[in-house]
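Take a look at the structure below.
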Number of protein chains: 2
Amino acid sequence: MDHSKSTKKPMTSRELAALIGVSQSAVSRAFTPGSSIARDLRERILMQAREYGYQPNAIASMLTKRRTNIVGIVVSDMRNPFYPALIEKLTQALQRAGLQSLLFNVTPGAEIEKQLVAIHTYNVDAVVVIASTMLNSRMLTRITEGRKAVLLNRIGHEDIASVCCDNALGARLLVDHLYEAGHRRIGHVAGMTSSGIGMLRYSAFTSRLAELGMRLTRTVSHEAFSYEAGWDSALDLLADEPDAIFFTSDILALGGIDALRTDPRGAGVGVVGFDDIPMAAWPNYSLTTYRQPVSAIAETTTRLLTEDGPTTPKLYSLPGELVIRASSAPRITGAE
Amino acid sequence: MDHSKSTKKPMTSRELAALIGVSQSAVSRAFTPGSSIARDLRERILMQAREYGYQPNAIASMLTKRRTNIVGIVVSDMRNPFYPALIEKLTQALQRAGLQSLLFNVTPGAEIEKQLVAIHTYNVDAVVVIASTMLNSRMLTRITEGRKAVLLNRIGHEDIASVCCDNALGARLLVDHLYEAGHRRIGHVAGMTSSGIGMLRYSAFTSRLAELGMRLTRTVSHEAFSYEAGWDSALDLLADEPDAIFFTSDILALGGIDALRTDPRGAGVGVVGFDDIPMAAWPNYSLTTYRQPVSAIAETTTRLLTEDGPTTPKLYSLPGELVIRASSAPRITGAE
DNA sequence: ATGAAAGCGCTAACAG
DNA sequence: CTGTTAGCGCTTTCAT
């Protein structure tokens with residue numbers, strides 16, 4: 001039988017307690033795992049709760065426990081298709097751990113600090129900052145102080161843990177692959193120079209290039225990780241007649257591929273990207289790239305946020321996977 | 001001078017009140033717009049609050065005001081690039097209205113109801129459900145009961161408001177455009193048949209087709225709005241030798257375009273999509289499509305959720321914009 | 001193991 | 001306009 005009334009106000013623990021003749025604390029304990037309460041009392045209460053449609057009010061619980069079970073997710077670049085994929089996996093992993101995700105979309109225009117006050121007033125337990133070059137180190141300190149925090153695709157903050165794929169390894173594997181495919185003169189498209197991750201990939205890229213005796217024709221940067229930036233950069237690099245171009249991110253590479261097709265000098269130029277966004281697998285692009293271990297990143301982040309004790313502010317570097325497709329076809333056989 | 005100690009626990013209104021010799025309610029009122037408090041008292045309190053780094057605790061406020069200022073955003077398909085764009089605009093609009101976004105990512109596998117209990121326990125003020133065919137009507141009723149709600153890209157629920165672009169208009173304009181470009185035999189790719197929006201576009205499409213005396217060669221559906229589904233559907237439709245293909249969504253159309261290129265019969269077949277995702281503008285695709293008014297959708301949704309009084313459960317249909325690109329090039333001039 | 005009672009930090013009557 | 005007083009619904013001692 002269904003006792004649940006569709007009243008406006010949800011029922012309180014006290015009401016339920018009165019209804020079934022136990023103390024209010026008993027109800028509370030029934031819903032608190034590990035609290036000392038008799039097995040059968042708990043069962044009885046939980047059963048009745050289901051009958052009456054009672055659910056503990058999380059807000060009240062937050063107030064007393066001073067835990068919200070909410071993690072703030074700070075994003076600024078939803079345009080790069082890599083991030084929606086990451087956010088999806090992350091929120092799912094957090095949900096499985098019983099954590100909710102409060103989304104903060106920081107936009108360039110307005111005062112960014114204003115947009116983030118809710119992190120404090122809502123007392124989020126933890127903060128995950130995704131990439132955002134929009135926040136400087138001081139802001140990061142402010143929004144993360146007093147709570148757990150993880151940076152994704154961002155490095156270099158002294159007191160905050162970072163979770164990334166192994167960017168250096170990825171860059172090296174891509175260079176190795178280009179080498180094996182017969183490419184020797186490599187151009188580089190950096191995207192934003194303000195991105196620590198971009199620079200990390202860049203340095204691993206150049207040092208591996210040097211080790212193999214290959215040549216960096218030139219580096220081009222644009223203040224965005226975007227299709228358009230990739231397009232412009234690729235055309236720019238053609239002047240140096242590279243055998244192949246290393247793009248710091250897939251979205252840049254896709255723009256690059258399309259741009260190269262518009263120029264005769266682009267024929268046969270190999271292309272590699274980084275991330276493995278869905279479009280990289282589209283036959284039209286068939287982009288060779290380094291796949292970021294998105295699930296592992298999400299899991300690791302969740303683990304760091306849920307384990308007790310302070311989070312070690314180190315860099316957690318997770319191995320990804322080299323994905324070879326047609327865009328980096330061997331030089332010998334010519335263009336695809 | 002900076003009095004703010006970086007202590008763990010943030011300061012309370014009572015502490016601040018004691019510190020500056022006013023009542024605790026005065027502090028509360030200082031932070032409550034429109035409360036009756038002297039101008040200078042408020043100013044003084046706010047100033048001191050800034051000094052000491054006091055911020056009202058939103059959790060406590062939620063408990064008394066029984067408003068959370070949180071809206072739950074329920075999504076299931078972050079894969080379709082249209083949705084990240086929509087979510088971005090929506091959360092930004094909500095933020096400007098002082099509302100936070102709690103993200104619910106419903107995954108097919110597990111028990112969906114379980115994933116949504118937090119909507120109740122966290123007492124979100126409002127719910128926005130994006131597209132998700134994953135939730136049936138009964139679930140919608142359950143999660144929206146007792147709070148404001150808006151469906152985006154989803155229609156047909158009796159008691160809940162829907163905000164959409166004008167799908168019928170869009171479909172008609174696209175058909176008109178195909179007609180003018182000389183196409184007469186049109187194929188149709190439906191994506192998911194469980195999508196009300198998809199069906200709405202479909203019926204507007206077919207009726208306009210009929211009005212103009214054009215011919216629907218065939219409709220193909222796949223249980224997804226994805227690149228792959230578009231690819232397969234397009235190849236499937238080629239058997240009927242259509243002049244052009246109408247895809248119910250851009251992401252389908254992109255797959256279709258690439259697929260058509262793999263088949264000689266695909267040359268010269270016109271393509272139109274719906275949404276205007278960023279990739280539609282990429283030169284390689286140059287997809288003619290109907291642009292959804294994403295900002296207007298976000299604004300309208302925010303308005304509905306913030307205005308007081310119950311939300312009328314009607315369909316708010318917002319005009320988009322026909323975007324003509326090369327994919328629907330006139331039949332006369334042949335393939336591009 | 002259970003109940004009673006004291007808050008968590010704030011808002012909202014209620015007096016004055 | 002300001003201060004005092006009750007709670008909001010829960011968790012958590014503290015007794016029993």
Side-chain angles (χ1 to χ4, degrees), chain A residues 7-46 48-49 52-70 117-118 120-125 146, chain B residues 7-46 48-49 52-70 117-118 120-125 146:
Chain A
T7 43
K8 296 259 89 138
K9 267 190 65 198
M11 136 185 287
T12 72
S13 62
R14 175 160 283 107
E15 287 165 0
L16 180 66
L19 233 37
I20 66 184
V22 297
S23 77
Q24 182 270 333
S25 356
V27 175
S28 173
R29 284 195 266 259
F31 280 91
T32 308
S35 62
S36 64
I37 183 177
R39 256 190 85 76
D40 45 336
L41 212 211
R42 161 172 284 150
E43 305 247 304
R44 189 153 67 89
I45 293 177
L46 291 180
Q48 297 288 336
Y52 287 101
Y54 166 77
Q55 300 224 211
N57 180 337
I59 308 291
S61 154
M62 290 178 198
L63 193 55
T64 50
K65 296 215 290 209
R66 40 261 329 269
R67 296 192 73 236
T68 54
N69 280 350
I70 292 178
V117 291
H120 296 109
T121 61
Y122 280 70
N123 279 317
V124 305
D125 289 343
Chain B
T7 43
K8 297 260 87 141
K9 267 191 64 198
M11 134 185 289
T12 72
S13 63
R14 176 161 281 107
E15 285 165 2
L16 180 66
L19 233 36
I20 66 185
V22 296
S23 78
Q24 182 269 334
S25 1
V27 175
S28 173
R29 284 195 266 259
F31 280 90
T32 308
S35 61
S36 63
I37 183 176
R39 254 190 88 73
D40 46 335
L41 211 211
R42 162 172 283 151
E43 303 248 303
R44 188 153 68 88
I45 293 177
L46 290 180
Q48 297 288 334
Y52 288 101
Y54 166 76
Q55 303 227 208
N57 181 337
I59 308 292
S61 153
M62 290 178 199
L63 193 55
T64 52
K65 296 217 288 207
R66 40 253 337 267
R67 296 190 73 235
T68 54
N69 281 351
I70 292 177
V117 290
H120 296 108
T121 60
Y122 280 70
N123 278 314
V124 304
D125 289 342

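To find a chain, count down the sequence lines: A is the first, B the second, and so on, and within it residues start at 1.
For the pair Leu46(A)/Glu43(A), no side-chain contact is recorded, criterion being any heavy-atom separation below 4.5 Å from C-beta on. Looking at heavy atoms from C-beta onward, Ser35(B) lies in side-chain contact with Arg42(B) at the 4.5 angstrom threshold.
Thr12(A) comes within contact range of the sugar-phosphate backbone alone, with a heavy-atom separation under 4.0 Å but no base atom that close. Residue contacts for Phe31(B): at a heavy-atom cut-off of 4.0 Å it reaches no nucleic acid atom on any strand shown.
Side-chain N/O atoms of Ser25(B) and base N/O atoms of dT4(D) include a donor-acceptor pair closer than 3.5 Å.
Between the CG atom of Asn123(A) and the P atom of dC10(D) there is a distance of 19 Å, rounded to whole Å. For the pair Gln24(B) CD and dT5(D) P, the interatomic distance rounds to 13 Å; values are reported in whole Å. In this structure, Arg29(A) places its CZ atom 10 Å from P of dA1(C), rounding to the nearest Å. Rounded to an integer number of Å, the gap from Glu43(A) CD to dT2(C) P is 13 Å. The CD1-C1' distance, from Ile37(A) to dC10(D), rounds to 15 Å in whole Å. For the pair Gln55(A) CD and dG9(D) C1', the computed distance is 14 Å after rounding to whole Å. One can place CD1 of Ile45(A) at 14 Å from P of dA1(C), the figure rounded to the nearest angstrom.
With 3.5 Å as the limit, one finds no donor-acceptor pair spanning the side chains of Gln55(B) and Thr121(A). For Thr68(A) and Asp125(A), the side-chain atoms include at least one donor-acceptor pair closer than 3.5 Å.
Here the closest non-hydrogen pair linking Ile20(A) and Arg44(A) is O-NH1, 3.8 Å. Here the closest heavy-atom approach between residue Leu63(A) and residue Ile59(B) is recorded as N-CG2, 3.9 Å. Heavy atoms only, all atoms of each residue included: Ala26(B) and Ile37(B) are closest at O-CD1, 3.7 Å.
Panel note: side chain Glu15(A), backbone Thr12(A); a donor-acceptor pair is recorded below 3.5 Å.
Residue Ser61(A) holds its OG atom at 7.5 Å from CG of Asn69(A), rounded to the nearest 0.5 Å.
Side chain of Ala26(A), nearest nucleotide from dC10(C), dG3(C), dT2(C): dG3(C).
Both Thr32(B) and Arg14(A) lie close to DNA chain C; mapped to their nearest nucleotides by heavy-atom distance, the more 5′-ward contact belongs to Arg14(A).
Interface residues of residues 58-68 of chain A facing DNA chain D, ordered by number: Ala60(A), Ser61(A), Thr64(A), Lys65(A); criterion, heavy-atom separation under 4.0 Å.
Note on the helix from dA1(C)-dT16(D) to dG16(C)-dC1(D): terminal axis deviation equals 40°, with five pairs used at each end and the result rounded to 10°.
Taking only side-chain nitrogens and oxygens, Tyr54(B) comes nearer than 4.0 Å to OP1 or OP2 of dC10(C). Within the structure, every side-chain polar atom (N or O) of Ser13(B) is placed at least 4.0 Å from both OP1 and OP2 of dG9(C). Ser23(B) has no side-chain polar atom (N or O) that falls below the 4.0 Å cut-off from OP1 or OP2 of dT2(D).
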